[in-house]
Amino acid sequence: MNATVLLLPGDGIGPEVVAAAEQVLRAVAARFNHNFTFQSALIGGSALRKGLPPLPDDTLDAARTASAVLLGAVGDPEFDKGDSSRRPEAALLGIRRELQLYANLRPARVWPGLEAAGPLKPEVLAGTDMLVVRELTGGLYYGEPRGIAPDGRSAVNTMSYTRPEIERIARRAFDAARTRRKRVTSVDKANVLEVSRLWRAVVTDVANDYPDVTLDHMLVDACAMKLALAPASFDVILTENLFGDILSDEAGAIVGSLGLLPSASLGAGTSLFEPVHGSAPDIAGKDIANPIGAIASAAMLLRHALSLNDEASTVERAIARTLSAGRGTRDVFPANPVGTREMAASIAAGI
Ligand code: NAD
């Protein structure tokens, strides 16, 4: 297969973890006879430093024409005091909006050898392997009216969803469930919110097209509790923007380090893949960042953008083998860590 992957290394540890993911993708191309072309563009602080906006037009144009985008992270303390449009993070919202990335997929699984790395008892965590499918461009974060009253005594945000918005994210969740254990848990607050009642009705309608997938509904408060008590009971969690924001962080926290977590943001055009973590300026340039979030994001890129499922599974198995051999960065194996570059080389060698 021929594919063009646009790399957006960004700031802080972004370039280190993207280089690791690129090394693994090159190993995949060599082993499976694919022709991947890698392009690179500026985003965030790395663009601001060159006098460009955080999301330069050239970067956006390259993203629109690429087969997929792999982003490291943005965020640089040097620009923290700038106005919000000149902050590195403005690039993230910009690229999500411009590429209309309405579906955010965040898997959280316990990797072999890391059962004790998280805050839960290993026997509670055992077998945890879930995917949070979060709606990314609607709901409370975008609804109108919004704002603080001129007298500063009240404020409003609006949670609103249309049937087509719910339908398209629900289909993403059911499609994903078909490639997994075929269970969708739709999370809402239908006992209180009308928006949730519409959400529940539309998801139930969509489920009719997926008779092979089991659907259940759960209130968001119950889901938050069950994530901590029985995380292994979930397969796909489908939910709206705000609930997904909170629950996906909770799901990530229970499996251990932030550095392990990948994500995919999908829309109608080019998809974007990025580790969940930020630019981690505290550890940048020290060869200690965990590259697994970025490498697992590259696996998601192979699966979701290029439909290369065997290749994606090969990457995930190589990650698992490296970890179960006791090789990991400082955040997961503090007693006997290896560096970012050595982790990348070990995983690439396992392809
Ligand atoms: P962060 O995710 O960068 O770091 C939080 C903590 O986790 C730090 O202690 C860091 O050292 C550690 N950490 C993060 N990634 C790691 C990895 N791969 N391996 C080992 N340890 C890792 O969050 P923060 O410190 O709140 O934010 C730093 C900057 O990143 C800010 O400018 C913020 O706005 C930005 N940010 C960007 C994104 C993104 O690009 N998607 C996401 C979150 C934060």
Side-chain angles (χ1 to χ4, degrees), residues 7-21 23-24 41-49 54-55 59 63 69-97 99 101 104-106 108 111 114 117-119 134 136 141 244-246 248-249 252-253 255-265 271-298 300 319 322-323 327-334 337-344 347:
L7 304 174
L8 302 178
D11 306 319
I13 61 170
E16 297 169 68
V17 299
V18 166
Q23 186 176 353
V24 172
L42 296 171
I43 193 165
S46 65
L48 286 165
R49 225 177 274 284
L55 180 59
T59 299
V69 179
L70 183 68
L71 172 76
V74 297
D76 184 330
E78 186 187 325
F79 300 105
D80 273 355
K81 293 198 180 66
D83 72 73
S84 58
S85 66
R86 301 283 303 168
R87 287 188 58 146
E89 292 83 352
L92 278 183
L93 298 180
I95 198 165
R96 287 173 188 161
R97 188 182 56 240
L99 297 180
L101 301 171
N104 186 220
L105 274 51
R106 280 203 193 187
W111 291 99
L114 298 188
R134 166 190 172 194
L136 202 58
Y141 293 4
D245 192 0
I246 299 167
S248 63
D249 268 23
V255 298
S257 170
L258 193 55
L260 296 167
L261 300 170
S263 79
S265 299
S271 305
L272 175 86
F273 302 84
E274 55 178 324
V276 167
H277 61 75
S279 58
D282 53 330
I283 59 167
K286 297 181 179 160
D287 194 39
I288 56 178
N290 191 337
I292 290 178
I295 294 171
S297 298
M300 294 188 84
I319 295 172
T322 295
L323 287 170
R327 297 166 74 76
T329 42
R330 198 181 63 164
D331 52 319
V332 290
F333 290 130
V338 301
T340 311
R341 283 196 288 269
E342 200 177 327
M343 273 304 277
I347 294 168

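Counting starts at 1 for both ligands and their atoms, in listed order. Each residue takes its place number in the sequence, starting with 1.
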Report task. Report the part of H277 in contact with ligand 1, treating N, CA, C, O as backbone and CB onward as side chain, heavy atoms under 4.0 Å; options are side chain, backbone, both, neither. Result -> both
Query - Proximal ligand 1 atoms for G259, defined as those under 4.0 Å from one of its heavy atoms - result: 17 (C), 18 (N)
Query raised in the report: Within the structure, does S257 bring an N/O atom to less than 3.5 angstrom of an N/O atom in ligand 1?
Result: no
**Report entry** Any N or O of A280 closer than 3.5 Å to N or O of ligand 1
**Finding:** yes
Report summary line: side-chain hydrogen bond (donor to acceptor under 3.5 Å, both in side chains) pairs touching residues 277-289, sequence neighbours excluded, are none
Query raised in the report: Relative to ligand 1, is T329 under 4.0 angstrom through side chain, backbone, both or neither, heavy atoms considered?
Result: neither
**Report entry** Residue part near ligand 1, for N290, under 4.0 Å between non-hydrogen atoms
**Finding:** both
Query raised in the report: Between D282 and ligand 1, which part of the residue brings a heavy atom under 4.0 Å of the ligand: side chain, backbone, both or neither?
Result: side chain
Query raised in the report: Does any N/O atom on R87 come nearer than 3.5 Å to any N/O atom on ligand 1?
Result: no
Requested in this report: Could you tell me whether atom 1 (P) of ligand 1 has a protein heavy atom closer than 4.0 Å?
Outcome: yes
Query - For ligand 1, the portion of I288 having any non-hydrogen atom under 4.0 Å away - result: neither
Report summary line: Note: ligand 1 atoms sitting under 4.0 Å from heavy atoms of E89 are 31 (C), 32 (O), 33 (C), 34 (O), 35 (C)
Query raised in the report: Among G278, P281, G75, whose heavy atom sits nearest atom 28 (C) of ligand 1?
Result: P281
Report task. Could you tell me which atoms of ligand 1, counted from 1 in the order shown, lie closer than 4.0 angstrom to a heavy atom of A73? Result -> 40 (O)
Query raised in the report: Using heavy atoms and a threshold below 4.0 Å, how should the contact between E274 and ligand 1 be classified: side chain, backbone, both, or neither?
Result: side chain
Report summary line: Among V74, V276, L260, V332, closest by heavy atom to atom 40 (O) of ligand 1 is V74
